[in-house]
Protein chains: 2
Amino acid sequence: MDERMLQKSGSAGSAVYQHLKQQIVSLDLPPGTTLSEKEMSLTFQVSRTPVRESFVRLAQEGLVLVLPQRGTRVSLIDSDMVEEARFMREQLEKAVIRLACESFPADRLADLESNLTEQQHSIQQRDGKRMFELDEDFHRILFEGCRKRGTWNTIQQMNAHLNRTRILWLWTDPHWEHLYEQHRQMFLAVKQQQADLAEQIMKEHMSLNIANLPVLKERYPEYFK
Amino acid sequence: MDERMLQKSGSAGSAVYQHLKQQIVSLDLPPGTTLSEKEMSLTFQVSRTPVRESFVRLAQEGLVLVLPQRGTRVSLIDSDMVEEARFMREQLEKAVIRLACESFPADRLADLESNLTEQQHSIQQRDGKRMFELDEDFHRILFEGCRKRGTWNTIQQMNAHLNRTRILWLWTDPHWEHLYEQHRQMFLAVKQQQADLAEQIMKEHMSLNIANLPVLKERYPEYFK
DNA sequence: CCTACCATACTACCATACAAGTATGGTAGT
DNA sequence: ACTACCATACTTGTATGGTAGTATGGTAGG
């Protein structure tokens with residue numbers, strides 16, 4: 001484990017955890033991959049203890065599945081969990097954007113606007129990875145502006161399943177322009193305090209994530225439960 | 001660690017985890033209590049390793065706070081987290097009970113009814129602890145009947161903070177009759193598929209949890225952040 | 001050729017020893 | 001009396017050896 005990385009994360013266990021989580025959510029470690037404490041301890045150059053600690057945390061979030069005395073593997077994407085995550089996000093994001101339409105800090109509104117500018121940039125440069133991050137940031141800023149940061153963090157738990165399907169979908173059909181347009185309209189609705197409009201767009205925005213799930217299950221059957 | 005308990009939970013680590021979690025949420029271990037791996041390993045008669053594993057899991061849920069090289073203590077109740085948990089539950093429970101009004105399995109509806117009967121029983125017997133469990137069960141059945149079990153589980157994370165305040169409140173003012181009446185009305189609304197009515201009662205039901213927070217902070221200041 | 005068995009090489013789980021950071025109380029020096 | 005220092009007894013973090021359960025491949029027996 002690199003020293004800089006350790007300092008950033010505070011402990012070896014946290015560093016391994018963050019590294020693995022990033023790789024799992026980005027599908028760098030595809031669903032079904034077997035992990036094993038020993039193997040990871042060798043690649044990260046730490047003992048099995050911090051690796052085991054990271055496995056415990058990942059299992060708690062449903063990102064890996066630990067089978068006692070048999071092995072540990074990256075959890076398959078659960079279609080039901082994907083739909084539930086979408087459901088949760090729809091309800092909470094609709095409620096939050098209504099709050100945002102009532103009152104939203106000016107500086108956070110500015111953050112949204114600069115985020116949109118960066119989105120345009122990333123689309124022009126065909127930088128899908130950056131665009132995905134900006135998408136996440138856009139919604140996170142909405143939550144934070146409404147003082148609902150903890151809610152956003154809680155959503156992230158189940159979001160792991162949803163996000164992995166979103167990445168799969170974007171592999172097959174990068175439809176960034178459509179997403180950007182929705183983001184822009186939501187920004188304007190918040191700025192002009194049009195709650196009903198904002199909620200409606202958000203509802204459609206969230207519905208996008210689920211429509212193509214059957215297609216993905218057919219194209220990547222080995223990734224799904 | 002008792003052998004029966006170990007068999008029930010699968011591993012020593014899980015057993016310690018479940019035990020501590022139950023004690024924390026029930027305020028048997030009050031907020032601020034220092035824990036220490038060594039101490040717990042002695043009381044549970046296991047080594048530090050499974051105890052440490054349980055600490056990691058509890059920290060992941062925000063139930064304990066681990067300060068490296070200094071100690072571990074039961075996390076104080078965070079007022080902001082309590083309000084956010086209430087917010088999350090309100091949005092999700094409103095959406096779920098609307099779904100329930102559209103369609104709800106007959107056997108689960110029967111479960112709700114028998115749950116209500118048990119609630120009456122527990123109120124007569126002044127069994128607050130049992131009543132609290134039944135309250136939780138009532139809402140869990142609603143989620144499960146709508147195939148939103150994962151959503152319920154996710155809520156539980158943040159619910160730890162909310163539930164601890166609810167217990168404090170019920171220590172000072174056991175108002176079980178009022179809660180029972182709301183539960184009964186929600187049951188009838190679901191049965192008669194009156195979505196708007198059900199949502200309205202649920203909204204009031206969720207609002208109860210937050211009103212007396214300032215009073216509790218004044219009465220138990222050492223429990224809050 | 002097929003089947004039952006067993007040695008072997010994995011796995012996660014647990015106990016233990018050591019390392020490193022921190023709080024605390026006593027003591028020497030001013 | 002007060003302050004600076006340090007030994008000591010804590011704490012969590014990490015490394016490692018051993019245990020028990022499981023999958024697998026080869027082998028002996030039918």
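By convention in this document, chain letters (A, B, ...) are assigned in the order of the sequence lines, proteins followed by strands, and residues within each chain are numbered from 1.
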Under 4.0 Å between a side-chain N or O of S47(A) and OP1 or OP2 of dA15(D)?
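Yes, such a contact exists.
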Pair [X] + [Y]: basic N to acidic O under 4.0 Å:
| X | Y | answer |
| --- | --- | --- |
| R98(A) | E93(A) | no |
| R149(A) | D80(B) | no |
| R52(A) | E53(B) | yes |

With sequence neighbours excluded, what pairs up with R70(A) under the side chain to side chain donor-acceptor pair (under 3.5 Å) test?
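Side chain to side chain donor-acceptor pair (under 3.5 Å) list for R70(A), sorted by chain: empty.
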In the 5'-to-3' direction, what one-character label does each nucleotide of nucleotides 5-13 of chain C receive under the scheme B = base within less than 4.0 Å of a protein heavy atom, S = sugar-phosphate only, - = no such atom?
------BBB
Does the side chain of Q157(B) come under 3.5 Å of the side chain of T154(A) through a donor N or O and an acceptor N or O?
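No.
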Does dG25(D) have a Watson-Crick or wobble partner in any strand here, with both distances under 3.5 angstrom, and which is it?
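Matched dG25(D) with dC6(C) under the 3.5 Å cut-off.
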Tell me which nucleotide, if any, is Watson-Crick or G-U wobble paired with dT30(C) when both distances must be under 3.5 Å.
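Partner of dT30(C): dA1(D).
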Can you measure M40(A) atom CE to dA15(D) atom P for me and round it to whole angstrom units?
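Rounding to the nearest Å, CE of M40(A) and P of dA15(D) are 16 Å apart.
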Are the side chain of S207(A) and the backbone N or O of K203(A) linked by a donor-acceptor pair below 3.5 Å?
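Between the backbone of K203(A) and the side chain of S207(A) there is a qualifying donor-acceptor contact (under 3.5 Å).
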